[in-house]
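Below is one structure; the comments refer to it alone.
Naming: A, B, ... by sequence-line order, numbering from 1 per chain. What you see below is based on every heavy atom in this structure, not just the backbone, and it leaves out hydrogens, waters and symmetry mates.
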2 protein chains.
Amino acid sequence: MIGSPESDVREMFRRSGYTLTSQRRAVLDALQDFKGHPSAEEVYLAVKKKNPKVALGTVYQALSVLEEIGLIEAKRWSESPVRYDLNTEPHYDIRCTRCGKVAEIPGLKFDDFAARIRENTPYKVTNTSLVIEGHCPVCQMED
Amino acid sequence: MIGSPESDVREMFRRSGYTLTSQRRAVLDALQDFKGHPSAEEVYLAVKKKNPKVALGTVYQALSVLEEIGLIEAKRWSESPVRYDLNTEPHYDIRCTRCGKVAEIPGLKFDDFAARIRENTPYKVTNTSLVIEGHCPVCQMED
DNA sequence: ACTTTTTTAGGAATGGTTATTGATCGAAAG
DNA sequence: CTTTCGATCAATAACCATTCCTAAAAAAGT
Ligand SMILES: [Mn+2]
Ligand SMILES: [Mn+2]
Ligand SMILES: [Zn+2]
Ligand SMILES: [Zn+2]
C-alpha cells in the first residue's frame with residue numbers, strides 16, 4: 001500500500017483534526033512524484049515548480065504534520081538531512097555514503113528489537129531504529 | 001576493557017601517526033572523568049576547567065582524532081548532539097528522550113545484522129547501528 | 001457577514017559542527 | 001643549541017538543516 005489513495009488521505013486528515021490545505025496536498029503530491037526518499041529541501045524544490053510562492057518553512061511544517069498523522073515517515077542517517085518516505089509499511093532503507101542515494105531493502109525482516117531490549121534495561125523503550133549505510137552498486141565500481 | 005590504560009593510549013597514537021598532545025590527553029581525561037556519554041560541548045566545559053584556553057574547535061578536532069584512532073566512539077541520536085563513548089566494546093546505549101540521560105544496556109547482543117542485510121541488497125553494507133530511545137526510570141515516574 | 005482559529009510567507013534566529021587563518025609548538029637536522 | 005618545517009592550536013567566521021517569529025491570509029465556526 002504505497003501512496004494512500006485519495007480517500008485515505010482525506011480520512012487521515014479528518015481524524016487528526018488538521019485541515020488538508022493546498023500546501024499540504026502539494027507536499028504530498030511532490031513526495032509521490034519524487035518516488036524516492038527526498039529531503040525537505042528536495043520536496044521544497046519540487047513543490048515550488050508548481051507553486052513558486054510556497055515557503056521552505058511551510059514545507060517543513062507540512063512534512064511534520066504529514067508525519068504526525070501517519071501519512072509519511074521521517075528517516076535519519078548521520079551525514080544527511082532527514083529524508084521522507086511515503087512507504088509507511090515497516091521496511092528498511094540503506095543509504096550510500098558516497099552518493100547519498102537511498103534504496104529500500106525488500107524482504108528484510110528482523111523480529112522486534114524492543115522486546116529483547118526491554119529485558120536488559122529498566123528504561124521504557126519507546127523507539128528503536130536500525131540505521132544502515134553502505135555503497136551502492138554504482139559507487140562500488142569506483143573502488 | 002573500559003578506559004584503556006596509559007600504555008594502550010600511547011600505542012594507539014604511535015600506530016596512527018598522530019601525536020599525543022596535551023589537548024588530546026586532556027580531552028581523553030575529561031571523557032574518563034565524565035564517565036557517561038558526554039557531548040562535545042560537555043567535554044569542552046570539562047577540559048576548560050583545567051585549561052581555560054582550549055578552544056571548542058580543538059575539542060571537536062581532538063574528539064575526531066580519538067575516534068579515528070579507535071580510542072573512543074561517536075554515537076548519535078536524533079534529538080541530541082553527538083555523544084562520545086570511551087567504551088569501545090560492542091554494546092548498546094539507550095537515551096531518555098525526556099531528560100537526555102544515556103545508559104548502557106549490558107548483556108544485550110544481537111547477531112550480526114550486516115550478514116542478513118547483505119542477502120537482501122546489492123549495496124555493500126559498511127555500517128549498521130541500532131538507535132534506541134526510551135524513558136529512564138526517573139522520568140517514568142512523571143507519567 | 002462577522003469572529004475566531006489555523007495556516008502561511010518571508011525572513012531572522014538557532015544549534016551543532018566545520019572551515020579558515022595566522023600564531024605557536026615541537027621533533028629532527030645541522 | 002639554533003633553524004626549519006610540518007603538525008597543531010586558538011579564535012573566529014561560515015555553514016547547514018531546522019526552528020522560530022510575526023503579520024497577513026485563509027479557513028472554520030456562528
Ligand atoms: Mn523506504
Ligand atoms: Mn556506552
Ligand atoms: Zn552511491
Ligand atoms: Zn529521563
Side-chain angles (χ1 to χ4, degrees), chain A residues 10 12-30 37-69 71-72 74-84 95 97 100 102, chain B residues 10 12-30 37-69 71-84 95 100 102:
Chain A
R10 289 218 145 86
M12 299 290 251
F13 267 97
R14 202 194 52 67
R15 284 217 308 255
S16 71
Y18 287 111
T19 51
L20 176 45
T21 65
S22 68
Q23 288 87 344
R24 286 165 185 169
R25 150 72 353 114
V27 165
L28 201 49
D29 289 349
H37 299 77
S39 65
E41 180 80 25
E42 288 168 330
V43 172
Y44 169 61
L45 293 175
V47 168
K48 262 213 313 196
K49 282 181 188 160
K50 294 188 178 172
N51 176 1
K53 47 189 330 263
V54 64
L56 177 56
T58 303
V59 170
Y60 271 101
Q61 231 235 149
L63 287 168
S64 91
V65 168
L66 291 173
E67 187 192 4
E68 191 186 328
I69 72 186
L71 279 169
I72 65 176
K75 307 216 164 162
R76 291 157 224 269
W77 283 267
S78 60
E79 318 239 301
S80 155
V82 175
R83 315 203 77 87
Y84 295 89
R95 174 174 181 278
T97 51
V102 172
Chain B
R10 287 188 193 288
M12 298 290 253
F13 268 97
R14 201 194 52 69
R15 283 217 307 254
S16 71
Y18 286 110
T19 52
L20 176 44
T21 65
S22 68
Q23 288 87 347
R24 287 165 186 170
R25 158 51 18 94
V27 164
L28 201 48
D29 289 349
H37 300 76
S39 63
E41 180 80 27
E42 287 169 329
V43 171
Y44 168 61
L45 293 175
V47 168
K48 261 214 310 197
K49 281 181 189 161
K50 296 188 177 173
N51 177 0
K53 47 190 328 261
V54 296
L56 177 57
T58 302
V59 171
Y60 271 103
Q61 229 230 146
L63 287 168
S64 91
V65 168
L66 291 173
E67 187 192 4
E68 191 185 328
I69 72 187
L71 279 169
I72 66 176
E73 253 173 43
K75 306 216 165 163
R76 293 158 220 269
W77 283 268
S78 61
E79 318 242 299
S80 155
V82 175
R83 316 203 76 87
Y84 295 89
R95 175 173 180 276
V102 172

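With A:Arg24 contributing its side chain and A:Leu66 its backbone, the two residues share no donor-acceptor pair below 3.5 Å.
Here B:Gln23 lies in heavy-atom contact (under 4.0 Å) with sugar-phosphate atoms only. Contacts of B:Thr19 with the nucleic acid, taken as non-hydrogen atoms under 4.0 Å apart, involve only primed sugar atoms and P, OP1 or OP2.
Residues satisfying the side-chain contact (heavy atoms from CB on, under 4.5 Å) criterion with B:Ala26, sequence neighbours excluded, are B:Val47. Shown here are the salt bridge (Lys or Arg N to Asp or Glu O under 4.0 Å) partners of B:Arg25, two or more places apart in sequence or in another chain: B:Glu6, B:Asp29.
If you take CG of A:Leu63 and P of D:dA17, they are 14 Å apart, rounded to a whole angstrom. Atom-to-atom, CG of A:Asn51 to P of C:dG10 comes out at 10 Å; the value is rounded to the nearest Å. Atom-to-atom, CZ of B:Arg25 to C1' of D:dT8 comes out at 17 Å; the value is rounded to the nearest Å. Taking atom OH of A:Tyr18 as the reference point, atom P of D:dA27 lies 18 Å away to the nearest angstrom. The CG atom of A:Leu66 sits 12 Å away from the P atom of C:dT7 (whole-angstrom rounding). For the pair A:Tyr44 OH and D:dC16 P, the computed distance is 16 Å after rounding to whole Å. In this structure, B:Leu45 atom CG and C:dG16 atom C1' are separated by 14 Å, rounded to whole Å. The interatomic distance linking B:Arg83 (CZ) with C:dG16 (C1') rounds to 12 Å, in whole Å.
The 5' end of DNA chain D is approached more closely, in terms of each residue's nearest nucleotide, by B:Gly17 than by the other of B:Pro52 and B:Gly17.
Near DNA chain D, defined here as any heavy-atom distance below 4.0 Å, the residues from residues 53-61 of chain B are B:Lys53, B:Val54, B:Ala55, B:Thr58, B:Gln61, listed numerically.
Between A:Thr97 and A:Trp77, the closest side-chain pair of non-hydrogen atoms is not below 4.5 Å.
For D:dC9, one of the phosphate oxygens OP1 or OP2 lies less than 4.0 angstrom from a side-chain nitrogen or oxygen of B:Thr21.
By the 4.0 Å N-to-carboxylate-O rule, B:Glu79 lies too far from B:Arg95 to be salt-bridged with it.
Taking the side chain of A:Pro81 as heavy atoms from C-beta on, and the options C:dT17, D:dT18, C:dA9, the nearest nucleotide is D:dT18.
Taking CG of B:Leu56 as the reference point, atom NZ of B:Lys48 lies at 9.0 Å (rounded to 0.5 Å).
Screening A:Glu67, A:Glu42, A:Glu41 against A:Arg83 for a salt bridge (charged side-chain N to carboxylate O under 4.0 Å, His left out) leaves a single residue, A:Glu42.
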